[in-house]
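Quick notes on the structure that follows.
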Amino acid sequence: MSDGSGGTYTVHNYFGTEPQPLLKSPDASPRRVADDQLVRLQREFARPEGMNEAYDVLAREHTVILHGAPGSGRTSAARVLLCELPGDDGTYHELTPEAPESGVGRWLSPDLVGEHDRMLLDLSSVDERTWAAVHDELSGFRHEVRLRAAFLALVLSRRFEERLSPQFTQFRRRIGRPDEWEAVNRNLRLAGVQMSVRDLAPPALRTYLGSGPPMRDLARLAERIGIAARGPGDFAAWCEAALAAQTDRTRDVADTVRRLRKGRHRALFLTTAMLDGARPEAVHRATNLLVDEAGSTHDERPLLEHKGLSLRLETVGAELGPEARVRFTEPGFADAARRLFWNDLPDIREPLGNWLTKALRVRELDESDAAEVVTRFTDLCLSTGEFERLTKLVERWTLDSAHRATEVRAAAHLLKHGIEDERWNGKFRSAVYHWSTNRLPKHLREVLVEVCAKVMPIHHPEPALVRLHHLARNEPQPSVVARRALLDYVDQDVRLQRRLLARLATAQAERHHRVDADLFLDLTKLPDDFLLAAPTQEWLTLCWRMAFDLLTPNRWAPCTTSWLAHADLVGDEELVETALSILVDASGAAYPVLSRIYADARRIVSPELASRLLKSINTAQRARFTRRAPDLEVSPS
């Protein structure tokens, strides 16, 4: 790699120690995961009022702008509308507008629009700056959508409804609230419960559905009914159990806390809430850690006079379940206890963060339980807007110190949960971007690569590409973890390859040119139609020129030979001619470059292609040397 002193950039093969995965690798590509999520959404989706009219607008105008009350399922409706369009030759993908890196440029690039694509643009939670920028570009972007026979469904934020330009009001349609009974019924069928909710519902369920809960809460309720259905009882009992778990238990928790006078008892209560479902040994050891962190005192009596853990758990309303896991006896208690301590005792927040770091090192804490407690702590921080507490925790967990495996994995799970959060993913994406543009500690870099490669691409494919590119640029030799992740990622999607090629060719900062040129040489096995599109021809020429100017012949020569051999194999006349002209134009008719290309090609490609290459080279060199020189005897007037 370049060290900034002009040395040759030499890393171009995948090698180095294989890092252990921090997050579970998806069973399919990010696009396949997104498609599977859409299939499930279509099966559970209850059509709201206004859906059919919105479909007609989308099919006719190629654009629809949806608005409605928060919690009514506007974004889900947009996804389903796009999937209901006839034909399957287009690709569904979600747009994530972000500020141009150079400070000038588009927030919504036309390159993101493919032929017959179906695109979701969710503006339901964007900030003022993003809204203004996207609104200004929407007309031009719509032109590209129509030009490529693509479709765009935009979800409008309620705060910006009245600021939508009159030119877009014809595309605007209101999505009403779906029928609650139908929504619960559909979700129950997916959970394996085939009964009719409306016919069998107990009074408590009717009251709950009549209160107008958010659609996401209805889905959660149906899931809980499905879980209860695996046990004994009838449908009414299952509903009551699910509703009990859905009920706010804050008052009951507050009563329990008032009864617990000693700090160590409250520590057990809070630890049980944080580690709900963990093994008893883990809860016991983590409780002692919280007692120390909060400055409370341990039971100073002789050990044999201490109460057993099962008796102590009873005092906080918990027990050992059938699988020897610690759980509260009342549903919803754990979540309510966490929220009450966090909101009613703000001074516990800093000690609880320190406790979390120590608790992750408890040997008896399973990996799944460790991920769960990180998720719970993340939710608590986000509930009060303490985003910086989380980013500082990620940085602390990824420093070069002891206990790396548990803490680094915890950092990955924290960022994963943040990226998946509908309200906060923009803040987390911004943090990942800031980190990716700098030289990072090894463990933080590995965490970001995993999050960008496995989590972000599902709903934010373009931002994932940008961040992986920066991580690859800033990766120190000999590591190639980020480079490999970037190349594997774009290999899944022609559009992503095109976007990366454009980034490599048009990078503004010269300090990135050498590493970008080297990255390009690992990207030269591109689809043949890349060579026949005018914009990509220009980008390819620029990238080859960077490679010839900044890298050694030993680095670029095998790639030029492979490039020509592939063109020779395909045999298409237009493709061959374009492949030759790109290389020759990129060389600037420099003799050392062209002589090396031709000498290597003669050993690999057919005589016919070698002859055509020589002809192109001679033509380029004649043009260079016969350019008219200025007439030095003619003085300017």
Side-chain angles (χ1 to χ4, degrees), residues 31 62 87-93 95 100-102 105-119 137 140-152 461-462 464-466 469 486-487 489-508 513 516-517 519-548 556 559-560 562-588 597 609 612-613 616 619-620:
R31 173 171 291 175
H62 291 255
D88 57 0
D89 51 344
T91 299
Y92 168 84
H93 59 104
L95 304 171
E101 293 182 84
S102 61
R106 296 177 181 267
W107 288 60
L108 290 173
S109 171
D111 291 330
L112 299 173
V113 185
E115 295 291 332
H116 308 291
D117 276 359
R118 306 151 188 235
M119 297 168 292
E137 295 182 12
F141 192 76
R142 271 205 71 248
H143 175 75
E144 194 70 24
V145 169
R146 292 299 298 261
L147 193 64
R148 297 181 180 273
F151 296 89
L152 173 67
E462 173 78 2
L465 168 66
V466 171
H469 184 198
L486 172 63
L487 295 174
Y489 177 49
V490 300
D491 191 50
Q492 303 169 18
D493 191 327
V494 171
R495 182 175 53 252
L496 293 175
Q497 293 179 15
R498 178 184 172 90
R499 292 297 298 155
L500 179 57
L501 182 64
R503 288 181 58 81
L504 296 174
T506 59
Q508 299 295 315
H513 286 176
D516 279 351
L519 266 170
F520 164 72
L521 293 181
D522 280 333
L523 192 70
T524 50
K525 293 181 180 178
L526 297 169
D528 298 334
D529 57 1
F530 267 47
L531 301 181
L532 304 180
T536 49
Q537 287 184 32
E538 180 181 353
W539 295 334
L540 287 165
T541 302
L542 290 170
C543 287
W544 276 119
R545 185 171 299 150
M546 281 197 306
F548 296 147
W556 54 253
C559 300
T560 57
S562 175
W563 171 277
L564 293 171
H566 177 71
D568 198 15
L569 183 65
V570 174
D572 180 89
E573 284 295 315
E574 184 180 4
L575 188 146
V576 169
E577 188 61 35
T578 304
L580 294 177
S581 64
I582 286 173
L583 283 184
V584 174
D585 290 348
S587 72
I597 292 175
L609 183 60
R612 293 181 65 173
L613 174 61
S616 296
T619 300

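If you read the sequence from its start, that first residue is 1, and numbering goes on from there.
- Proximity of Leu500 to Leu519: side-chain heavy atoms (C-beta onward) are nowhere separated by under 4.5 Å.
- Side-chain contact between Thr536 and Leu526 is absent, with no heavy-atom pair separated by less than 4.5 Å.
- A donor-acceptor pair is defined here as one N or O able to donate and one able to accept, closer than 3.5 Å; no such pair exists between the side chain of Thr524 and the backbone of Phe520.
- Here the closest heavy-atom approach between residue Tyr489 and residue Ala464 is recorded as OH-CB, 3.9 Å.
- Considering only heavy atoms from C-beta on, Glu573 stays 4.5 Å or farther from Val576 through its side chain.
- The nearest pair of heavy atoms linking Thr541 to Ala586 is O-CB, 3.4 Å.
- A search for side chain to side chain contact (heavy atoms under 4.5 Å, CB included) contacts involving Val494 returns Pro527, Phe530, not counting sequence neighbours.
- Proximity of Leu613 to Leu583: side-chain heavy atoms (C-beta onward) are nowhere separated by under 4.5 Å.
- When side chains are defined from C-beta on, Arg499 counts as touching Ser109, because their heavy atoms get closer than 4.5 Å.
- Glu574 pairs by the side-chain hydrogen bond (donor to acceptor under 3.5 Å, both in side chains) definition with nothing, not counting sequence neighbours.
- Heavy atoms only, all atoms of each residue included: Leu564 and Leu609 are closest at O-CD2, 3.4 Å.
- Side-chain atoms of Arg148 and Asp117, non-hydrogen and from C-beta on, never get closer than 4.5 Å to each other.
- Using a 4.0 Å cut-off between charged nitrogen and carboxylate oxygen, Arg503 and Glu101 count as a salt-bridge pair.
- Contact of the Glu144 side chain with the Leu108 side chain is not registered, since no non-hydrogen atoms from C-beta on lie closer than 4.5 Å.
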